[in-house]
Amino acid sequence: MQQYKLFIGNEWKAPASGEWFDSLDPFSGEPWARIPRGNGQDVDRAVAAAKAAMEGPWHTMSATQRGMLLHKLGELIDANVDQLTEVEARDNGKLRTEVRGQVSYMAKYFYYYGGLADKIQGAVIPMDKPKVFNYTRYEPVGVVGTITPWNSSLLLTAWKVAPALAAGNVVVAKPSEHTSVSLLVLAGLFAEAGFPPGVFNVVTGYGKDVGEPLVEHPDVACIAFTGGDEGGRRVSAAAAKHFKRVTLELGGKSPNIVFDDADLARAANGVITGIFSAGGQTCMAGSRLLLQDSIHDEFVERLIAIASKAKLGDPALPGVQVGPVATRPQFDKVVSYIEVAKAEGARCVLGGNVRSGPGFGVGQFVEPTIFTGVDNGMRIAQEEVFGPVLSVLKFKDEEEAIQIGNDIRFGLAAGVWTKSLHRAMHMSERLKAGTVWINNYRSTSFTTPFGGYKDSGLGREGGVEAVKEFLEVKSVWISTDLDMPDPFIRKY
């Protein structure tokens with residue numbers, strides 16, 4: 001079993017604690033790697049290395065040179081897809097096919113932001129004052145701390161690191177304690193690509209030991225966090241003490257809305273993709289299905305016919321469609337919510353059971369589960385389950401769909417299925433969500449922003465907007481006035 005070290009200043013370092021902990025395979029339950037248990041001392045070392053790079057070699061490189069390094073990193077990711085896929089899938093229990101797709105796509109983020117690095121431009125401002133030349137310039141904020149969850153460690157890290165580096169910043173990354181190996185493997189590629197020491201650092205460990213010191217460190221200027229809304233609140237409160245910038249990509253309870261004029265076959269496949277792909281362990285999961293009452297029964301039958309045939313099992317095997325829940329605490333949480341739904345009076349029309357025995361490892365499997373008869377006030381409709389559990393609600397018309405869709409404290413995403421262009425435009429304008437998919441679901445791209453309204457977070461990841469999260473704007477005034485003004489009178 002391989003024992004890993006922290007990555008600080010392009011070197012592999014033992015943790016200051018001298019302690020390691022096991023990473024468990026979600027399918028077998030067996031330990032397969034040993035992760036360094038970092039602490040505040042390690043955060044101090046990593047931030048110091050990052051700060052030295054920021055003030056030294058990284059600062060002196062041109063934006064074009066930084067962009068070329070990002071592009072080189074993308075090439076190395078492409079060349080190491082197999083290794084990165086294996087370690088990430090082993091850590092989080094996702095299907096190998098899905099993880100491979102994420103890793104391959106991740107390289108494109110570094111290509112995109114590598115090309116964007118030398119296109120960050122200020123502007124010359126037409127002034128209302130004579131004999132003044134004014135322009136703006138964009139400057140990096142400094143040391144960026146990234147904190148990512150266990151469900152898609154590599155891809156969600158790329159969402160943050162690629163734009164942060166393109167903007168000229170340096171990074172100290174903390175992955176989830178459940179899925180740390182893939183980020184440590186990725187760190188080695190940064191050194192191979194030729195990034196100066198300290199530009200990218202990885203400190204692994206638990207939230208209290210590493211996450212809190214990283215958020216509170218006085219030399220960290222910005223925190224980019226993905227996780228649950230409660231974790232986001234703690235990060236935001238701690239960062240506010242030092243007036244740090246934060247980007248928070250948090251949870252969701254996204255409505256997937258199907259009208260009676262939709263292509264029902266395509267919509268059914270989209271709903272299945274939205275909730276049961278990745279075992280529902282995704283922030284953008286379409287966990288609330290809103291069905292127009294005239295198609296409710298027919299559509300539920302379609303879903304049952306598809307989802308009941310889903311193949312559960314070892315995510316490393318071909319043909320498997322649903323893998324295990326990634327961690328035992330999350331498995332227990334999903335099972336508890338199924339019992340909550342039943343107690344609230346929701347009707348379980350599919351699944352609701354766990355799978356164990358031969359072929360199911362330690363049994364962290366929850367069947368694709370569908371509840372009908374759900375009222376939007378129920379906990380199963382209001383709280384994020386983060387598992388393969390779908391709540392089905394009825395609506396009569398557009399206004400009721402909008403009312404139910406928005407009646408939630410989250411606002412990450414929404415889906416709308418209809419053949420009416422007018423309805424599509426109307427719904428996309430009225431739904432309070434950072435992303436609205438029309439006749440598709442769970443699509444993302446490096447070219448476009450992603451983020452949420454309300455309790456789903458702050459800021460955006462993806463596209464040009466992501467770079468702006470990691471930049472300061474400076475206004476420069478140059479006087480061309482040769483006359484001597486009266487020093488006691490300010491000109492307006």
Side-chain angles (χ1 to χ4, degrees), residues 38-40 43-44 46-47 50 140-153 155-161 163-164 167 169-178 201 203-254 282-285 330 333 382-384 386 406 408-413 432-435 449-463 465-473:
N39 60 23
V43 172
D44 288 342
V47 173
V141 297
V143 180
V144 175
T146 67
I147 302 175
T148 47
W150 43 260
N151 59 326
S152 296
S153 184
L155 185 61
L156 295 178
T157 296
W159 284 17
K160 298 163 177 54
V161 171
N169 300 282
V170 290
V171 173
V172 177
K174 184 226 173 288
S176 166
E177 61 270 22
H178 299 291
N201 310 270
V203 182
T204 58
Y206 296 96
K208 186 174 182 59
D209 298 336
V210 177
E212 289 183 12
L214 182 61
V215 173
E216 296 175 355
H217 199 290
D219 289 331
V220 173
C222 175
I223 297 294
F225 173 87
T226 295
D229 59 299
E230 287 304 317
R233 284 188 179 87
R234 292 194 296 271
V235 168
S236 184
K241 296 176 185 177
H242 301 281
F243 303 104
K244 297 181 192 291
R245 289 189 178 211
V246 293
T247 63
L248 304 172
E249 197 272 278
L250 307 177
K253 194 69 180 178
S254 301
T282 172
C283 56
M284 63 186 77
Q330 184 60 29
K333 176 185 175 182
Q382 289 289 316
E383 300 175 14
E384 187 177 36
F386 219 71
N406 289 337
I408 193 81
R409 63 188 178 88
F410 298 106
L412 188 60
K432 298 184 184 302
T435 296
F450 182 80
Y453 289 22
K454 299 186 283 189
D455 283 13
S456 288
L458 299 170
R460 293 295 181 266
E461 297 182 317
E465 283 80 1
V467 175
K468 297 176 183 177
E469 303 288 350
F470 303 106
L471 291 167
E472 295 281 11
V473 184

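Among all heavy-atom pairs drawn from F410 and K454, the shortest one is O-CE, 3.1 Å. For the residue pair A239 and V246, the shortest heavy atom distance occurs at CB-CG1, 3.5 Å. Summarising the geometry of V203 relative to G38, their closest heavy-atom pair is CG1-CA, 4.4 Å, with the distance given to 0.1 Å. Between P140 and N169, the shortest heavy-atom contact is CB-OD1, 3.3 Å. Contact between V172 and V143 at its shortest, heavy atoms only, is CG2-CG1, 4.3 Å. Listed here is the closest heavy atom pair of V171 and A164: CG2-CB, 4.2 Å.
Within the 4.5 Å cutoff, no side-chain heavy atoms of T226 are placed close to those of C283. Two residues are said to be in side-chain contact when any heavy atoms from C-beta on lie closer than 4.5 Å; V144 and K160 fail this criterion. Between I408 and Q382 there is a side-chain heavy-atom pair separated by less than 4.5 Å. Side-chain contact between M284 and T435 is absent, with no heavy atoms from C-beta onward closer than 4.5 Å. Looking at heavy atoms from C-beta onward, D229 lies in side-chain contact with R409 at the 4.5 angstrom threshold. With a 4.5 Å cut-off on side-chain heavy atoms, L250 and L412 do not count as touching. Using a 4.5 Å cut-off on side-chain heavy atoms (C-beta onward), L248 and S236 make contact.
At distances below 3.5 Å, at least one donor-acceptor pair connects side-chain atoms of S456 with backbone N or O atoms of G251. Between the side chain of K244 and the backbone N or O of I223, no donor-acceptor pair lies under 3.5 Å. Checking side-chain atoms of K174 against main-chain N and O of G205 turns up a donor-acceptor pair under 3.5 Å. A donor-acceptor distance shorter than 3.5 angstrom exists from the side chain of K253 to the backbone of E383, with no hydrogens or angles considered. Judged purely by atom type and a 3.5 angstrom limit, D219 has no side-chain atom pairing as donor or acceptor with the backbone of V47. Under a 3.5 Å cut-off, the side chain of E384 and the backbone N or O of G252 do form a donor-acceptor pair.
Going from atom CD of E249 over to atom CZ of F450 covers 5.0 Å, rounded to the nearest 0.5 Å. Once rounded to the nearest 0.5 Å, the distance linking CG of N201 with OG1 of T146 reads 10.0 Å. Considering OG of S152 and CH2 of W159, their distance stands at 8.0 Å, rounded to 0.5 Å.
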Using atom types as modelled, flag every donor-acceptor pair under 3.5 Å from a side chain in residues 206-216 to any protein atom, sequence neighbours excluded.
{"from": "D209", "atom 1": "OD2", "to": "R37", "atom 2": "NE", "distance (Å)": "3.0"}
{"from": "D209", "atom 1": "OD2", "to": "R37", "atom 2": "NH2", "distance (Å)": "3.1"}

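Under the rule for a side chain to side chain contact (heavy atoms under 4.5 Å, CB included), the partners of T247 that lie at least two apart in sequence or sit in another chain are A224, E469.
Atom NZ of K432 is surrounded by 12 or fewer heavy atoms from other residues, nucleotides or ligands within 6.0 Å.
Classification of E230 and R233 as a salt-bridged pair holds, one side-chain N sitting under 4.0 Å from a carboxylate O.
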